[in-house]
Amino acid sequence: MYDVIIIGAGIIGNFIARELSKYELDILLMDKENDISNGATKANTAIIHAGFDAPNGSKMAYFNVRGNPMFDQVCDELGVPFKRIGSLVLAFDDTDLKTLKVLYNRGLKSGVPKMEILNRDQVEKMEPNISHNVQGALYAKTAGIIGPWELAIALGENAIENGVELSLNTEALNIDKTSNGYNVFTNKGKTEGRIVINCAGIYADKLNNMVSHNKFRIIPKKGQYYLMDKTVGNIVNTVIFQCPTEKGKGIVVTPTVHGNLIIGPDSEIIEEKEDTKTDSHRLKFVAKVASKSLPNIPFDKVITTFAGIRAEPETGDFIIGEPEDAPGFINVAGIKSPGLSASPAIAEYVVNMVGGINNGLVKKDNYNPNRKKIIRFNQLSNEEKNELIKIDPRYGKVICRCETITEGEIIDAIHRKAGATTVDGVKRRARPGSGRCQGGFCMPRVMEILAREQGKDIEEIVKDSLDSYILTGKTK
């Protein structure tokens, strides 16, 4: 029997797993997907919010404001890219200017530091490409950008290094209460745990409703995005929001932590929880609304479009805690935006809950917060590159020309804890296929390396999920 079973290996599940790995506990982290971070974590705007948007007194506001300053240390320990570039909420008329004051005062009440309301000249000085119709903006200096799937993978890797067990392709089909915990019935058999933590994203309602009469519903919302080439990544310097209205929050334009530009999302309630199809009509809407902020966005520089699913709770706020009729079953559900920003604080809170249920936790003497260093070849000096190639010639073989990713980096990504087993798994860890050709050049070589390093036939290598085959057989 495990002390703790965590269901869901997205950003929240991995943060909690790593936080719990500091203690003497037997922990299982499981996910129905073929890799870590394969749900909402891999398809979002990748922003660390300052915390002024969520209603005062909400869990979203509390955990966002507490979580924001925690990212510097976590990302430093794990070697994850993170930049505090600040954010601007743009106002285009007098109504928007009044909204800025509401957001500013809300932020002050929630404890958000380093905010100020800027006039038009100040905004244009910060963002020369901004619309001339802008009348002012709310500037929040503590907002940032991050690699969310890189963070989730790093957290999972470090958690495993500290004793957590990972089980992928493991779907929770049913959960039963027992006298001393829970039986979790999966497609791989029964697993027992004294405490179960529900981090199942869009399926968190399904798991809760298996064990509790206090039912809730998660509403899947789809958001669609443009990702643009690095040549236009500097069109803005900060995260650009539009003033929220009764119709929504508008469209975000922001640099990514790797130098691209991302634009989106829209918001669409969907019936199918895993419907990640994009469509031209809604993408045109995203482009039109984004152009209100920046009228000269070069949409001819788009390298891909994609959609992500958000887990919208019917309560309108994060659902965190034990149902009254299911002690030891901890819901961490409805973690919509600003869920990424709130994630380290949520993990800290949940670990304290586990300590209360467990009558205390014993810290490990050998916990190591730092994961094995990752080599980013394109970030090294020429001298460092030459020295590295002398030690390991595989770092001298460039596989991805767009991103300058080497064979050595790909092999390292495969052989780490929770290492890559798929083409997209390598992409999320080492970035081959992330450039303007989107894998058109490097994917066959990545497949060859995956097959060789795992001792598989190349026809067994999939793009992402187990059924996302690429090759069907030989033609010659």
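By convention here, the first residue in the shown sequence is residue 1.
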Between the side chains of [Y] and [X], is the shortest nitrogen-to-carboxylate-oxygen separation below 4.0 Å, so that they form an ion pair?
X: Glu274; Y: Lys222; value: no
X: Arg376; Y: Glu409; value: no
X: Arg436; Y: Glu403; value: no
X: Glu157; Y: Lys417; value: no

Atom [atom1] of [X] with >12 non-hydrogen neighbours under 6.0 angstrom:
X: Lys188; atom1: NZ; answer: yes
X: Lys284; atom1: NZ; answer: no
X: Lys273; atom1: NZ; answer: yes
X: Lys385; atom1: NZ; answer: yes

Are [X] and [Y] side-chain neighbours, meaning at least one heavy-atom pair lies under 4.5 Å?
X: Lys230; Y: Ile303; value: no
X: Asp35; Y: Asp424; value: no
X: Asp412; Y: Ile375; value: no
X: Leu151; Y: Leu78; value: yes
X: Ile297; Y: Leu294; value: yes
X: Phe241; Y: Ser87; value: yes
X: Thr231; Y: Lys301; value: yes
X: Thr254; Y: Ile240; value: no

Measure from NZ or CZ of Lys463 to the centre of the six-membered ring of Tyr469 and say whether it is under 6.0 Å with the direction within 45° of the ring axis.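 No - Lys463 does not lie over the ring of Tyr469 by the 6.0 Å and 45° rule.
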Is it true that the NZ or CZ of Lys364 lies under 6.0 Å from the centre of Tyr23's six-membered ring and within 45 degrees of the ring axis? no
Yes or no on side chain to side chain donor-acceptor pair (under 3.5 Å) for Arg84 and Asn68, after CA distance, side-chain angles and deciding distance? CA-CA 10 Å; Arg84 289 197 183 275; Asn68 175 287; 2.9 Å; yes
Residue pair Val351, Leu361: steps toward the side-chain contact (heavy atoms from CB on, under 4.5 Å) verdict: CA-CA 9 Å; Val351 168; Leu361 296 173; 3.9 Å; yes
Working to the nearest 0.5 angstrom, can you tell me the gap between [X] [atom1] and [Y] [atom2]?
X: Leu207; Y: Ile218; atom1: CG; atom2: CD1; value: 10.5 Å
X: Ile12; Y: Thr41; atom1: CD1; atom2: OG1; value: 8.0 Å
X: Asn158; Y: Tyr367; atom1: CG; atom2: OH; value: 5.0 Å
X: Leu88; Y: Leu118; atom1: CG; atom2: CG; value: 6.5 Å
X: Asp266; Y: Lys221; atom1: CG; atom2: NZ; value: 11.0 Å
X: Ile411; Y: Tyr395; atom1: CD1; atom2: OH; value: 8.0 Å

Please find the pair of heavy atoms, one from [X] and one from [Y], that lie closest to each other, and give the distance.
X: Leu168; Y: Asn34; value: CD1-O, 3.6 Å
X: Ala418; Y: Leu166; value: CB-CD2, 3.9 Å
X: Pro81; Y: His258; value: CG-CE1, 4.0 Å
X: Glu161; Y: Asn370; value: OE1-O, 4.2 Å
X: Pro113; Y: Thr142; value: CG-CG2, 4.0 Å
X: Ile357; Y: Ile195; value: CG2-CD1, 3.7 Å

Between the side chain of [X] and the main-chain N/O of [Y], is any donor-acceptor distance below 3.5 Å?
X: Ser58; Y: Ala61; answer: yes
X: Asp26; Y: Met1; answer: no
X: Ser110; Y: Gly107; answer: no
X: Gln122; Y: Ala137; answer: no
X: Asn260; Y: Gly233; answer: no
X: Asp72; Y: Val74; answer: no
X: Glu127; Y: Thr238; answer: yes

For Phe318, enumerate each residue passing the ring pair (Phe, Tyr, Trp, His ring centres under 6.0 Å) test, keeping only those at least two apart in sequence or located in another chain.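 In terms of ring pair (Phe, Tyr, Trp, His ring centres under 6.0 Å), with neighbours along the sequence ignored, Phe318 is linked to no residue.
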Contacts of Glu77 that satisfy side-chain hydrogen bond (donor to acceptor under 3.5 Å, both in side chains) - sequence neighbours left out: Arg18, Gln73
My understanding is that only residues two or more places apart in sequence, or in another chain, count here; which of them pass side-chain hydrogen bond (donor to acceptor under 3.5 Å, both in side chains) with Thr422? none
According to salt bridge (Lys or Arg N to Asp or Glu O under 4.0 Å), who are the partners of Asp464, at least two apart in sequence or on a separate chain?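 Once residues adjacent in sequence are excluded, the partners of Asp464 under the salt bridge (Lys or Arg N to Asp or Glu O under 4.0 Å) criterion are Lys42, Arg428.
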Listed partners of Arg401 passing salt bridge (Lys or Arg N to Asp or Glu O under 4.0 Å), at least two apart: none
Using the side chain to side chain donor-acceptor pair (under 3.5 Å) rule, take Arg194 and Asn358 through it: C-alpha gap first, then chi angles, then the decisive distance, then the call. CA-CA 9 Å; Arg194 291 193 301 108; Asn358 198 61; 2.8 Å; yes
Decide yes or no on side-chain contact (heavy atoms from CB on, under 4.5 Å) for Ile335 and Val332, but give the supporting numbers first. CA-CA 7 Å; Ile335 310 299; Val332 190; 4.1 Å; yes
Over 60° means perpendicular and under 30° means parallel, so tell me whether Tyr225 and Phe306 are parallel, tilted or perpendicular. parallel
Any idea how Tyr349 and Phe63 line up, ring-wise: parallel (<30°), tilted (30 to 60°), or perpendicular (>60°)? perpendicular
Assess the residue pair Ile399 and Ile410 against the criterion (side-chain contact (heavy atoms from CB on, under 4.5 Å)); give the C-alpha distance rounded to whole Å, side-chain angles, the decisive distance to 0.1 Å, and a yes or no. CA-CA 9 Å; Ile399 303 300; Ile410 294 169; 3.8 Å; yes
In short, salt bridge (charged side-chain N to carboxylate O under 4.0 Å, His left out) pairs touching residues 339-350 with sequence neighbours left out are Arg66-Glu348
Go through it in stages, so that I can follow the logic: the residues are Thr305 and Gln224, the test is side chain to side chain donor-acceptor pair (under 3.5 Å), and I'd like the CA-CA distance, side-chain angles, deciding distance and then a yes or no. CA-CA 7 Å; Thr305 59; Gln224 301 189 37; over 6 Å; no
Using the side chain to side chain donor-acceptor pair (under 3.5 Å) rule, take Thr472 and Glu459 through it: C-alpha gap first, then chi angles, then the decisive distance, then the call. CA-CA 6 Å; Thr472 59; Glu459 293 174 22; over 6 Å; no
Would Ile263 and Phe299 satisfy side-chain contact (heavy atoms from CB on, under 4.5 Å), going step by step from the backbone distance to the final call? CA-CA 10 Å; Ile263 300 171; Phe299 282 98; 4.0 Å; yes
